[in-house]
Amino acid sequence: MSRLTNKDVAAQLRLIGDILQIKGENRFRVLAFHNAAESIENLGQDIYAIHRVGALTEIPGVGKSIAEDIAQLLDAGRIEFLEQLKQEVPLGVVEMMKVPGVGPKKAARLWRELGVTDIESLKAAAEAQKLRGLKGFGAKTEEKILKGIELLQSRKEERIPLAAARPAALEVVAALRAILPKTTLVQIEPAGSVRRWKETIGDLDILAASPDPDAVTQAFRSLDLVTEVLWSGRTKSRVRLINGLECDLRVVEPRHWGAALQYFTGSKEHGVAMRELALKQGWSLNEYGLTATGQGDAAVGEQRFFEREEDVYHFLGLDWIPPELRENRGEIEAAQAHRLPRLITQADLQGELHGHSDWSDGRLSIEAMAEAARKRGYRYWLLSDHSAGLGMVGGLDAARVREQAEIVRRLNQRWAEQGVDFRLLHGIEVEIMADGRLGLPDEILAELDVVVASIHSSLRQDRETITTRCLKALENPHVDILGHPTGRLLGQRPPTELDVEVVLQACAAYGVVVEINANPARLDLNDVHARRAVELGCKIAISTDAHSAEDLDLMPYGVATARRAWLTPDDVINTRPLEEMLTLLRNRR
DNA sequence: GCCGTTTTCGGCCCGACTGTTTTCAGTCG
C-alpha cells in the first residue's frame, strides 16, 4: 500500500462529507467531516506520526468516530464507511458539485430525477434542454450550468500563484483610485487570500468604502481590465479580468470599513472562529459590525461600528492579528493571551544566503549581482552557484570554485578600501546527488564561507530513498543550509516524497539551517513546514535564490511565508549582522 | 460528528446575489 499524505487523508474525509451532503444528511455532520479535513491539511506533522502515538483525537475537529475512520484508512488503506457511501452515490454526482452553480441539492435532484451520473451526462442533458423541465430549474440555470462545465474543462489550474494574483489586485485598486475622487472612494484595499499572502489564490477580493456604492460598482464594471461582468448587485459584483482571473468587489459605507475588512480578509476558518468568539461575548459579528444578542451586558440590538480594523479585535479583547496569521491555527488564542509573535519584516533582513551568477545559470556577473544586492540595502550576499554533479547547467568544479574565490577576494578588498559596508560571501549550491554524495569534495567545501546543499535531480525517488539521500548529505559537516527542501514548483511540479518531519529533525540535531526559498514558484519550505521546523528547533534562512537582479525583489514572498509560519527575527539567521550569522553557522558542531 | 468561560446536551457564523419561488431556497465565499 502506498503511503498517504495528509492531503490524501483530508480528501477522503472531504469526500465523505460531500456524499453525506448529497444524501441530504444533517448539515452539521457534514460540517464535521469538512472541518476535520481542513484541520488535517493544516497540520504541520505527518498524520502517520500522530496515529502511531495514538493522538488522532487531539487534532482539532477529530473526535472518536472520525479518528477511527482515519485509523482504518492508514492501517488498511480504506474507510469502510466511505466504501458503503460510494455504493449509494456515484462519484460522478459528487464531481458535479465542482460545476459553478451546482451544489449538493441540485446535484442530488439531477441525479435522482434525470438519471444524470457525471459531468458528461449532465452536459448532454443540459444541451438537450432537459434541465428546464425540472421544478426550480429554468433556461438560465441550464445555460449557467453549460457555461460552468465549459469553464471547468478549460481551466487547468484552479489556483494561481500569489505572484501573479497580487499585482493584478493592486492594478485594479490603482485603476479605481485613478478614476474616482477620494470623496467617493474613501478606502480601497485587496482583501481575501491576497491580503493574507497565501501562496496560491483562487480569485481576487477587493474591498472599498464609499458613501456612494453605485458609483464605485459602476466604475469597477467598466474598467478596461474587465472583460466580462459575471454578476453585479447593489454592493457586490464579480467580474472576469483580462488575465482570466475572477475578481469580486464589495463596497461598504466608511463607518463599516473596520468590520468589513476583518470579514473579507478571512480566512473562512478564522472568520468563523471570530464570530463564535463574539457570540460568546454576547455579540453577533458580521461585515457591518457587532450587534448585541442580549446574552451579554449590552441591550439587545445595540450596535457597534468600527472605522478601523484593529478596533474590532480590541473590542473583543484581542490584540490585532496580522492577516498572514489568520488561518485559525491558534492565532486567536494567542491574541487573547497577548502572546502573538513579533513577526519578521523585510526591514529585519541584513543579507541573503542563496544566489547565482553567470558562472552557472544566473544572468549577471558576480560583481553585478553583488552590487544589486548591496543597492537593496543588504550588508552581505552569498554567491552560491551550482556545483558539478548537476547535469543540466554548467555546474562548477573545484578549479572553477577556486577561480571564483579570487574574484570574490578582490571585490571584497575593493569595497573594504572604499569603506563600503558590504561583504560578498563565497559559497556554493552543492548538488545532493542521487546517492546522497555531494557534487564537490569536502576539501573544496571546507574553503567556502557557506555551503547550501540542494536536490535538483532524481526527484521521483521513493520516500525512503530520497529521505535517506537527504539525511546522508546533512551528515556532512560542511553543509550549512538545506536549500528548497521539497523541490516543488507551484502549479508545475509536486514536492518530492521527502519525509519532511524526519529531515527537519535531522536539521535540528545537526544544526543545519533550513531555507525558505522566497521565489514565489517555490516558497519551499512552505508556511506549515517552516513553522514545524522552528518548533523542532531549526533556524531558518530566507533567500530569493536570485538568478537576476530583479529576482532579488521577490523577497517579500519569502518574508510573507515566514510570517505565515509565525517566525520572529530571532528564528531567521539572515536577520543577524554578518559576524554573528557566520558564528552561528560555524559553531554548529 | 464535534465540542465545552451556557461542559455530556444542545448547540453548531453570516449575509449577498440569483433564479424562479409570488416569499424563498440554493449557492457561494
Side-chain angles (χ1 to χ4, degrees), chain A residues 13 16-17 20-22 24-39 56-70 81 96-110 131-132 134-145 148 191-193 196 201-207 213 217 229-238 246-252 256 259-260 262-291 293-296 316-317 328 333 336:
Chain A
L13 294 177
I16 294 179
L20 291 176
Q21 215 175 2
I22 287 169
E25 279 265 358
N26 178 304
R27 63 194 179 99
F28 297 113
R29 195 178 172 206
V30 171
L31 192 64
F33 282 98
H34 286 163
N35 281 342
E38 192 67 36
S39 181
L56 286 174
T57 53
E58 284 169 32
I59 300 169
V62 175
K64 194 159 170 269
S65 171
I66 292 183
E68 279 172 19
D69 290 340
I70 297 170
F81 179 43
M96 278 157 48
M97 287 201 291
K98 286 187 183 161
V99 178
V102 178
K105 297 282 165 45
K106 286 203 174 100
R109 290 195 48 213
L110 288 163
L131 269 50
R132 60 185 69 179
L134 264 53
K135 193 167 184 295
F137 284 76
K140 280 203 173 178
T141 306
E142 211 168 62
E143 283 168 31
K144 195 175 164 189
I145 287 176
S193 41
R196 302 198 315 280
I201 305 293
D203 53 23
L204 306 180
D205 288 299
I206 293 171
L207 180 68
T217 301
V229 177
L230 297 171
W231 48 258
S232 181
R234 210 178 56 78
T235 64
K236 196 174 178 185
S237 34
R238 172 171 300 170
E246 284 184 16
C247 180
D248 286 359
L249 176 74
R250 178 69 189 267
V251 192
V252 298
H256 297 145
Q262 196 285 319
Y263 195 98
F264 290 107
T265 296
S267 65
K268 189 168 164 242
E269 291 73 22
H270 175 87
V272 168
M274 283 293 291
R275 294 191 282 280
E276 281 172 355
L277 178 74
L279 273 181
K280 280 184 201 154
Q281 298 179 17
W283 297 91
S284 170
L285 174 62
N286 63 19
E287 63 262 56
Y288 303 111
L290 292 164
T291 308
T293 60
Q295 304 296 306
L316 295 172
N328 197 25
E333 295 76 4
Q336 245 172 338

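Since this is a predicted model, take the numbers as computed values, not measurements. Every chain is numbered from 1 and lettered A, B, ... according to where its sequence line falls, protein lines coming before strand lines.
- To the nearest angstrom, C1' of B/dC28 lies 17 Å from NZ of A/Lys98.
- Remark: A/Arg234 CZ is loosely packed, at most 12 non-hydrogen atoms of other residues, nucleotides or ligands lying under 6.0 Å away.
- On the P atoms, B/dC13 is 14 Å away from B/dG4, given to the nearest whole Å.
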Per-nucleotide protein contact string for nucleotides 9-18 of chain B, where B marks a base within reach and S marks sugar-phosphate only (heavy atoms under 4.0 Å, - for neither)
---BBBSSSS
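- In this structure, the NZ atom of A/Lys64 is 14 Å from the C1' atom of B/dT8, given to the nearest Å.
- Side-chain contact between A/Val272 and A/Glu276 is present, with heavy atoms from C-beta onward closer than 4.5 Å.
- Among the atoms of the strands shown, only primed sugar atoms or phosphate atoms (P, OP1, OP2) are found under 4.0 Å from some heavy atom of A/Val62.
- Within the 4.0 angstrom heavy-atom criterion, only backbone atoms of the sugar-phosphate kind lie near A/Val99; the bases stay farther away.
- For A/Leu110 and B/dG26, the CG to C1' distance is 13 Å, given to the nearest whole Å.
- Remark: P of B/dG4 and NZ of A/Lys280 are 8 Å apart, rounded to the nearest angstrom.
- Counting heavy atoms from C-beta on, the side chains of A/His34 and A/Gln21 come closer than 4.5 Å.
- Distance from the side chain of A/Arg29 is smallest to B/dG1 among B/dG1, B/dG26, B/dC28.
- Using a 4.0 Å heavy-atom criterion, one finds that A/Lys135 contacts no nucleic acid atom at all.
- Comparing B/dC12 with B/dT7, their P atoms are spaced 14 Å from each other, to the whole Å.
- The same atom, P, is picked in B/dA16 and in B/dT8; the two are 36 Å apart, to the nearest Å.
- In this structure the side chain of A/Lys106 reaches within 4.5 angstrom of the side chain of A/Thr141, judged on heavy atoms.
- Taking 4.5 Å as the limit, every side-chain heavy atom of A/His270 sits out of range of all side-chain heavy atoms of A/Thr265.
- A/Arg109 has its side chain within reach of A/Phe137: a pair of non-hydrogen atoms, C-beta onward, lies under 4.5 Å apart.
- The separation of B/dT22 from B/dC14, taken at their C1' atoms, amounts to 26 Å, rounded to a whole angstrom.
- Atom-to-atom, CD1 of A/Ile59 to P of B/dC3 comes out at 11 Å; the value is rounded to the nearest Å.
- Taking 4.5 Å as the limit, some side-chain heavy atom of A/Phe264 sits within range of a side-chain heavy atom of A/Leu207.
- Counting to the nearest Å, the C1' atom of B/dG26 and the NZ atom of A/Lys105 are 7 Å from each other.
- Judged by closest nucleotide on DNA chain B, A/Thr141 is the one of A/Thr141 and A/Arg238 placed further toward the 5' end.
- Side chain of A/Thr217 to backbone of A/Thr235: no donor-acceptor contact under 3.5 angstrom is found.
- B/dC24 and B/dT20 are spaced 10 Å apart, taking the C1' atom of each and rounding to whole Å.
- A/Asp205 places its CG atom 15 Å from the P atom of B/dC28, with the value rounded to the nearest Å.
- In this entry the distance linking CD of A/Gln21 with C1' of B/dT27 reads 11 Å, nearest Å.
- Nucleic acid contact for A/Ala139: sugar-phosphate only, since backbone atoms but no base atoms lie under 4.0 Å from a heavy atom of the residue.
- Look at B/dC28: its Watson-Crick or wobble partner, with both distances under 3.5 angstrom, is B/dG15.
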